[in-house]
Amino acid sequence: MTFYMGDELATVYDAALQDGFGLVASNVAEPNVLIGLMKGAERVNSDLLVQLSNGACTFAGNGDPIAGLQVMGSYIETIAAQFDVGVFLNMDHQTDLDVIQRQIDLAIPSSIMIDASHEPFEENVERSRRVVEMAERSDAEILIEAELGTIKGVEDEIVADEAYYTDPEQAVEFVDRTGCDLLAISVGTQHGVAKGRDLEIRPDLAEEIRTALRDHGLEIPLVLHGSSGVQPDQLQEMLTHGICKVNKDTRYQYEYTRTAFDLYRHNTDAIVPSDTDDADRDTFFNNVEWSPNKEFFDPRVAGRDIRERIADVYADLATVAGSAERSRYA
């Protein structure tokens with residue numbers, strides 16, 4: 001198995017459009033989630049699209065997003081070679097054109113999402129088109145995703161208090177003028193935790209957008225952002241209307257922390273002394289009878305549990321999205 005670029009990713013999207021399934025685009029910020037995703041993908045024979053946000057790259061690079069991309073890109077490529085499925089990398093919600101140019105020059109990502117959806121329509125068109133042209137001038141095979149319509153919630157550094165639905169005819173103009181390879185649309189989903197929110201999801205609008213694009217000879221994959229609160233039946237309906245990429249991030253963040261929390265709370269006595277005075281911690285408990293149990297405080301213990309939980313979650317999501325048992329590279 002190798003780590004693939006945009007030319008191969010495009011063939012996966014072509015198959016997804018034809019057969020009505022989607023890739024679960026999974027955000028990562030550290031290695032345990034990444035390895036868990038790869039384990040889950042191989043388990044169900046699904047090709048895997050991982051995503052890095054600017055925040056994740058900045059975190060991995062100790063404040064330097066380009067260094068973080070280089071580190072994570074190398075790690076992804078190296079670990080992907082251990083698994084018998086195709087692995088791709090998308091740069092999620094990118095806004096800085098200079099940073100995007102560096103990403104293109106490095107030829108690490110399979111695709112890049114330029115997010116200018118918070119800008120007025122004409123500015124969104126201009127910035128998105130510029131990124132498409134930047135990719136076209138490079139030797140790298142990199143697909144470009146753009147977004148039309150604002151999705152409520154918080155994603156990386158981008159905050160949207162309100163949302164509006166993507167207009168089908170405006171989507172036609174946007175794709176025609178920008179030349180983007182994928183289009184993220186707003187159909188009522190929201191970034192972040194969905195509890196207590198009325199999502200008002202509109203699968204019918206996704207169908208209208210796809211029909212309008214096809215009527216104008218524009219057959220491109222559609223993208224669903226903010227899908228953490230979308231239920232399986234809602235997602236599967238979306239997949240019949242040209243949605244080929246479904247973003248997931250918040251779910252993995254929760255599963256990571258919840259899995260570690262469950263391990264530690266069930267083994268508190270092995271990690272934290274019963275005496276509320278923690279002064280002996282500085283001497284690593286050399287002068288007291290109690291000592292912590294490395295079987296539980298070694299971070300690799302929680303890491304292994306996290307990997308298995310993420311693998312389970314991804315396997316279920318890939319099955320719902322229909323990419324299970326469809327790997328082109330197994």
Side-chain angles (χ1 to χ4, degrees), residues 1-28 34-35 37-53 57 69-70 72-92 94 100 102-114 131-146 175 178-184 218-224 239 242-248 314-315 317-319 321-330:
M1 208 286 326
T2 47
F3 172 62
Y4 294 104
M5 293 299 291
D7 52 345
E8 288 291 328
L9 180 56
T11 65
V12 176
Y13 284 134
D14 287 343
L17 270 176
Q18 179 177 329
D19 297 337
F21 70 90
L23 285 181
V24 179
S26 303
N27 282 66
V28 299
L34 176 65
I35 292 175
L37 291 169
M38 292 186 183
K39 285 177 174 286
E42 186 175 61
R43 182 187 303 169
V44 296
N45 192 28
S46 169
D47 293 321
L48 176 66
L49 177 60
V50 297
Q51 300 195 136
L52 291 172
S53 67
C57 289
L69 171 59
Q70 291 173 305
M72 291 299 289
S74 177
Y75 191 87
I76 291 168
E77 182 172 12
T78 300
I79 301 301
Q82 301 176 8
F83 294 89
D84 194 24
V85 293
V87 178
F88 306 92
L89 171 62
N90 178 60
M91 304 308 297
D92 192 28
Q94 301 297 302
I100 291 174
R102 292 286 305 279
Q103 295 168 350
I104 292 173
D105 292 342
L106 288 170
I108 294 175
S110 315
S111 60
I112 297 173
M113 185 226 172
I114 166 63
V131 173
V132 171
E133 292 170 350
M134 288 158 58
E136 289 175 344
R137 287 194 299 268
S138 75
D139 292 331
E141 290 286 346
I142 299 176
L143 303 182
I144 302 300
E145 173 187 338
V175 172
T178 64
C180 61
D181 299 296
L182 297 94
L183 179 65
L218 301 170
E219 182 75 56
I220 73 168
L222 301 178
V223 180
L224 188 67
L239 296 173
I243 299 291
C244 297
K245 175 175 177 280
V246 182
N247 286 19
K248 288 286 183 181
Y314 179 83
L317 292 172
T319 300
S323 66
E325 305 305 330
R326 293 180 184 271
S327 174
R328 291 172 51 85
Y329 308 99

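One-based numbering along the sequence shown.
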Going by the angle between their ring planes, with limits at 30° and 60°, are F88 and Y4 parallel, tilted or perpendicular?
->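 Judged by the thresholds at 30° and 60°, the geometry between F88 and Y4 is tilted.
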Identify which one of V85, D19, V44 satisfies the side chain to side chain contact (heavy atoms under 4.5 Å, CB included) criterion when paired with R326.
->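 Exactly one pass, corresponding to D19.
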In this structure, which one of P221, S111, S110 forms a side chain to side chain contact (heavy atoms under 4.5 Å, CB included) with L143?
->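 Checked P221, S111, S110 against L143; only one passes side chain to side chain contact (heavy atoms under 4.5 Å, CB included): S111.
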How far does [atom1] of [X] sit from [atom2] of [Y], to the nearest 0.5 angstrom?
X	Y	atom1	atom2	value
C180	I220	SG	CD1	4.5 Å
N247	Q51	CG	CD	4.0 Å
I144	I112	CD1	CD1	5.0 Å
L182	L9	CG	CG	7.0 Å
L52	L69	CG	CG	6.5 Å
L23	I243	CG	CD1	12.5 Å

[Y] backbone acceptor or donor facing [X] side chain under 3.5 Å:
X	Y	value
T78	Y75	no
D47	R328	yes
S74	Q70	no

Side-chain contact test, heavy atoms from C-beta onward, threshold under 4.5 Å: evaluate it for [X] versus [Y] and give yes or no.
X	Y	result
K245	Y13	yes
V24	L37	no
V131	Q94	no
F3	V50	no

Residue pair [X] / [Y]: nearest heavy atoms and the distance that separates them:
X	Y	value
M38	I79	SD-CG2, 3.7 Å
A41	L48	CB-CB, 4.0 Å
V132	G179	CG1-O, 3.8 Å
S323	S46	OG-OG, 2.7 Å
Y314	G40	CD2-C, 3.7 Å
N45	A330	OD1-CB, 3.0 Å

Check the pair L106, Q103 against side chain to side chain contact (heavy atoms under 4.5 Å, CB included), reporting the backbone distance first and the verdict last.
-> CA-CA 5 Å; L106 288 170; Q103 295 168 350; 5.8 Å; no
Please name all residues satisfying side chain to side chain donor-acceptor pair (under 3.5 Å) with E219, sequence neighbours left out, ordered by chain then number.
->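 Once residues adjacent in sequence are excluded, the partners of E219 under the side chain to side chain donor-acceptor pair (under 3.5 Å) criterion are R210, R214.
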D7: what forms a side chain to side chain donor-acceptor pair (under 3.5 Å) with it, not counting sequence neighbours?
->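 So D7 forms no side chain to side chain donor-acceptor pair (under 3.5 Å) with any residue.
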State which residues pass salt bridge (Lys or Arg N to Asp or Glu O under 4.0 Å) with R43; sequence neighbours excluded, sorted by chain then number.
->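 Residues passing salt bridge (Lys or Arg N to Asp or Glu O under 4.0 Å) with R43: E308, D312.
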Are side-chain N/O atoms of D92 and S53 paired as donor and acceptor at under 3.5 Å?
->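 Side chains of D92 and S53: no pair found under 3.5 Å.
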Kindly determine whether I76 and I108 satisfy side chain to side chain contact (heavy atoms under 4.5 Å, CB included), including the steps that lead there.
-> CA-CA 10 Å; I76 291 168; I108 294 175; over 6 Å; no
